[in-house]
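Computation of the quantities below employed the complete heavy-atom set of this structure, encompassing side-chain atoms and omitting hydrogens, waters and symmetry-equivalent molecules. As the structure is a computational prediction, the values presented were derived from the model and not from experiment. A, B, ... follow the sequence lines: proteins, then strands. Residue 1 opens every chain.
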2 protein chains.
Amino acid sequence: MLKQETLSKNQQIVLDYIEKVNEPIKAYSILHNVQKKGIKAPLQVYRALDKLVEIGKIHKIESKNAFVACKNSNCQISKATAFSICESCEEVSEISDSKLSKYLKNFQDKAGMKFNKYNLEFFGLCKKCSIK
Amino acid sequence: MLKQETLSKNQQIVLDYIEKVNEPIKAYSILHNVQKKGIKAPLQVYRALDKLVEIGKIHKIESKNAFVACKNSNCQISKATAFSICESCEEVSEISDSKLSKYLKNFQDKAGMKFNKYNLEFFGLCKKCSIK
DNA sequence: TGTTAATTGTTATAATATAACATTGTGTAA
DNA sequence: TTACACAATGTTATATTATAACAATTAACA
Ligand SMILES: [Zn+2]
Ligand SMILES: [Zn+2]
Ligand SMILES: [Zn+2]
Ligand SMILES: [Zn+2]
């Protein structure tokens, strides 16, 4: 079987919504907002989320248990993600920095262990919030 | 009031247990294991965990919702953490690499945003598992 | 077309975490 | 010492996040 190139109905509904809101959103919030489209149960949302994460269309912000659309055409496999998170207004943005990703992809620990995947979450104050 | 230098009873019980098991452990698993010490409710565990994270005695492994004792005397404030996680055996270890931490502490995003805190989780196969 | 795997639908439940409120302990200063 | 402020505790209930189990349907392929 070939790798799917089109999303299934529920996957598309969930992705459309996540792309529309354009900020990290939680699973049950997605559920409430797509019920009019016929998705009724948490599992339908979680299954779509799992697949969308797997194919790199969305990422999970682990520290928030929230999901956000990928903004970086380079990370379609979702194996190398970095985010900045404002501790005041909660704004999250995906970092796309080739130097950083190169550095991290090549990182080895002291035992020589290499990694095929990483997730990095930075916390600080965004521009808006640091002026206040 | 001076900053506390001794842990409270529940904080000490929880920390003792986490240090003893020496691997990431989940809150409810901690609860089950410290009930004989008089801790009866989830909140008692979560409150201790919150404090221990805050003072850097333990860290939360976000991708696993688990807690692990700090192995790195340099990160007592818990603001710069990095872990390696084996995708096969689930082994987790804290990375202490001054080059890496220096690089990340000084990282700025393209908008010039600087960060006072980060958490990095690497995934791969540990030495044992990559031989198999 | 028959076969396999992916997706869906549905109900129930597990696992993780916090709200709310009353009580007790502990350090500090008048 | 006593009174105050704050940290920590105890307790019950509930909120939030996520998965188990199983039946039915749909899509891709040989
Ligand atoms: Zn991305
Ligand atoms: Zn902000
Ligand atoms: Zn540490
Ligand atoms: Zn391993």
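Under the side-chain hydrogen bond (donor to acceptor under 3.5 Å, both in side chains) criterion, the residue pairs touching residues 18-31 of chain B are B/Asn22-B/Lys71, with sequence neighbours excluded.
Atom CD of A/Gln44 and atom P of D/dT17 are 18 Å apart (whole Å). The CD atom of B/Gln11 sits 12 Å away from the P atom of D/dG10 (whole-angstrom rounding). Here the C1' atom of nucleotide C/dA5 and the NZ atom of A/Lys51 are 11 Å apart, to the nearest Å. Per the geometry, CG belonging to B/Leu49 stands 12 Å off C1' belonging to C/dT16, to the nearest Å. One interatomic measurement links the two molecules: CG of B/Leu7 to P of C/dT26, which rounds to 14 Å at whole-angstrom precision. The distance from atom CD of A/Glu54 to atom C1' of C/dA6 is 11 Å, rounded to the nearest whole Å. Here D/dG10 presents its P atom at 8 Å from CD1 of B/Ile39, a figure rounded to the nearest Å. The interatomic distance linking B/Asn10 (CG) with C/dT24 (P) rounds to 16 Å, in whole Å.
Panel note: side chain A/Lys110, backbone B/Ser96; a donor-acceptor pair is recorded below 3.5 Å. A donor-acceptor pair is defined here as one N or O able to donate and one able to accept, closer than 3.5 Å; no such pair exists between the side chain of A/Gln11 and the backbone of A/Lys51. In terms of modelled atom types and a separation under 3.5 Å, the side chain of A/Glu121 and the main chain of A/Ile61 share no donor-acceptor contact. The backbone N or O of A/Asn10 sits nowhere less than 3.5 Å from a side-chain atom of A/Gln44 that would complete a donor-acceptor pair.
Between B/Lys26 and C/dA15, a side-chain N or O to OP1/OP2 separation shorter than 4.0 Å is absent. Look at A/Ser8 and you'll find a side-chain N or O under 4.0 angstrom from OP1 or OP2 of C/dT8.
Under the 30°/60° scheme for interplanar angles, the aromatic rings of B/Tyr118 and A/Phe122 are found to stand perpendicular.
Closest to the side chain of A/Lys9, from the set C/dT8, D/dT9, D/dT17, is C/dT8.
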### Annotated protein contacts, base or backbone, on nucleotides 18-23 of chain D with a non-hydrogen cut-off under 4.0 Å, one of B, S, - each
BBBB--
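Residues B/Phe67 and B/Val14 have side chains not in contact (no heavy-atom distance under 4.5 Å, counting atoms from C-beta outward).
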